[in-house]
Number of protein chains: 2
Amino acid sequence: MARAPTTFDPFNAVAEPKRRQLLEVLGTSESAVNELVEKLGWTQPMVSKHLGVLKQVGLVNERRVGRQRLYRLNAEALKPIYDWVTPFEQLWNARYERLDQLLQNLQEEKKNVRTK
Amino acid sequence: MARAPTTFDPFNAVAEPKRRQLLEVLGTSESAVNELVEKLGWTQPMVSKHLGVLKQVGLVNERRVGRQRLYRLNAEALKPIYDWVTPFEQLWNARYERLDQLLQNLQEEKKNVRTK
DNA sequence: TTTACATATTCCCATATTGGAATATAATAT
DNA sequence: ATATTATATTCCAATATGGGAATATGTAAA
């Protein structure tokens with residue numbers, strides 16, 4: 001078995017840095033392909049191909065206007081990533097909470113010393 | 001150019017569902033390889049290989065005890081993913097915020113009607 | 001209808017993958 | 001020293017990648 005296709009899920013689609021960049025730009029505003037080509041400085045086929053992957057996973061939606069195709073972010077499709085990663089946040093914050101606790105205890109002690 | 005190696009960054013490492021599962025288990029407690037084999041029901045080489053990838057990106061740390069190797073999650077290494085994805089959350093929450101606003105306005109109107 | 005513009009698709013290559021099976025390494029116990 | 005346990009590594013196959021170049025498709029303007 002090979003690696004899962006980039007179109008398998010948002011995790012795989014977003015593993016590619018260029019696609020993350022694309023989503024960041026589209027997070028700001030709906031854009032046509034040529035606008036993205038200009039903003040990002042990539043070749044047109046490159047932009048189209050990455051958009052194709054993002055569309056297949058539902059991370060962007062396409063809207064045809066004249067000869068242009070306007071792409072916009074579908075942020076909800078990022079939710080699986082958000083939901084998966086956020087629970088871990090408390091693990092790397094735990095130490096700071098403990099540090100806070102420690103500092104607070106020290107403050108309390110200081111106060112007690114002063115009032116004694 | 002091919003796809004970036006799985007060891008390139010946390011995004012690529014975590015694109016593989018099995019590795020996410022592994023991290024979830026290690027989020028609970030430090031574990032030896034044989035414990036993971038049992039908990040997950042995978043073959044031992046499979047567990048070792050995925051752990052190898054996770055170790056290379058710094059998502060897990062290894063500790064040798066006797067002939068066992070204990071692996072534990074290094075949650076901080078997930079921060080880049082957390083930091084990248086969380087800003088998007090407001091985009092899919094925006095509609096609910098607007099709904100909240102709407103409901104609040106309705107409540108206000110009700111109050112005004114009553115007090116009038 | 002021909003021309004110009006906007007975008008998508010195809011063909012190519014080098015590279016890396018996951019999983020399975022077999023094997024190697026390392027540490028402890030007998 | 002040898003057997004046993006715990007883990008890592010190697011070899012294999014099938015598969016998919018991303019980028020470049022060239023080309024196809026689709027839409028509107030002249």
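Because the structure is a prediction, the values reported are computed rather than measured. Naming: A, B, ... by sequence-line order, numbering from 1 per chain.
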- Step by step, work out the side-chain contact (heavy atoms from CB on, under 4.5 Å) result for Arg19(A) and Phe11(B). CA-CA 12 Å; Arg19(A) 280 193 289 267; Phe11(B) 288 93; over 6 Å; no
If you count heavy atoms of other groups shown closer than 6.0 angstrom to [atom1] of [X], is the number above 12?
| X | atom1 | value |
| --- | --- | --- |
| Glu38(A) | CD | no |
| Lys39(A) | NZ | yes |
| Glu89(B) | CD | yes |

- Query: Between dG19(D), dA6(C), dA14(C), which one does the side chain of His50(A) approach most closely?
  - Reply: dG19(D)
- Query: Of the nucleotides dA8(D), dC5(C), dT17(D), which has the atom closest to the Glu62(B) side chain?
  - Reply: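 Closest nucleotide to the Glu62(B) side chain: dA8(D).
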May I have the distance from [X] (atom [atom1]) to [N] (atom [atom2]), rounded to whole angstrom?
| X | N | atom1 | atom2 | result |
| --- | --- | --- | --- | --- |
| Leu70(A) | dA6(C) | CG | P | 13 Å |
| Asn12(B) | dT17(D) | CG | C1' | 11 Å |
| Leu51(B) | dT7(D) | CG | C1' | 10 Å |
| Leu22(B) | dG19(C) | CG | C1' | 15 Å |
| Met1(B) | dA16(C) | CE | P | 10 Å |
| Gln68(A) | dT27(D) | CD | P | 13 Å |
| Arg67(A) | dA29(D) | CZ | P | 6 Å |
| Arg63(A) | dG26(D) | CZ | P | 21 Å |

- Any Arg69(A) side-chain N or O less than 4.0 Å from OP1/OP2 of dA6(C):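 Looking at the OP1 and OP2 atoms of dA6(C), neither is under 4.0 Å from any side-chain N or O of Arg69(A).
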- Query: If only side-chain N and O atoms of Tyr71(A) are considered, is one of them under 4.0 Å from the OP1 or OP2 phosphate oxygen of dA6(C)?
  - Reply: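 Looking at the OP1 and OP2 atoms of dA6(C), neither is under 4.0 Å from any side-chain N or O of Tyr71(A).
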- Shortest non-hydrogen contact from Val14(B) to Trp84(A)?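 Closest heavy-atom pair between Val14(B) and Trp84(A): CG1-CZ3, 3.8 Å.
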- Hey, which sits more toward the 5' end of DNA chain C by its nearest nucleotide, Lys49(A) or Arg3(A)? Lys49(A)
- Message: Here's a test of your reading of the structure: between Glu16(B) and Gly66(B), which maps to the more 5' nucleotide of DNA chain C?
- Response: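 On the 5' side of the pair lies Glu16(B).
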- Looking at residues 33-48 of chain A, who's got a heavy atom less than 4.0 Å off DNA chain C?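 Residues of residues 33-48 of chain A that come under 4.0 Å of DNA chain C are, in numerical order, Val33(A), Asn34(A), Gln44(A), Pro45(A), Ser48(A).
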- Determine the contact category for Ala32(A): base if any of its heavy atoms lies under 4.0 Å from a base atom, sugar-phosphate if only primed atoms, P, OP1 or OP2 are that close, otherwise nothing. sugar-phosphate
- Query: Is Val65(A) isolated, or which residues cluster with it under the ILVMFWY side-chain rule of less than 4.5 Å, directly or via members?
  - Reply: Leu70(A)
- Task: Could you say whether Val65(A) or Thr6(A) is positioned toward the 5' end of DNA chain D, judged by the nucleotide with the nearest heavy atom to each?
- Result: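 Counting from the 5' end, the first nearest nucleotide belongs to Thr6(A).
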- Message: Go nucleotide by nucleotide along DNA chain D from the 5' end; which of Ala2(A) and Arg64(A) gets its closest nucleotide reached first?
- Response: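 It is Ala2(A), whose closest nucleotide lies nearer the 5' terminus.
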- Query: Ignoring hydrogens and geometry, is there a side-chain-to-backbone donor-acceptor pair from Asn12(A) to Thr7(A) under 3.5 Å?
  - Reply: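 The answer is no, because no donor-acceptor pair under 3.5 Å joins these two groups.
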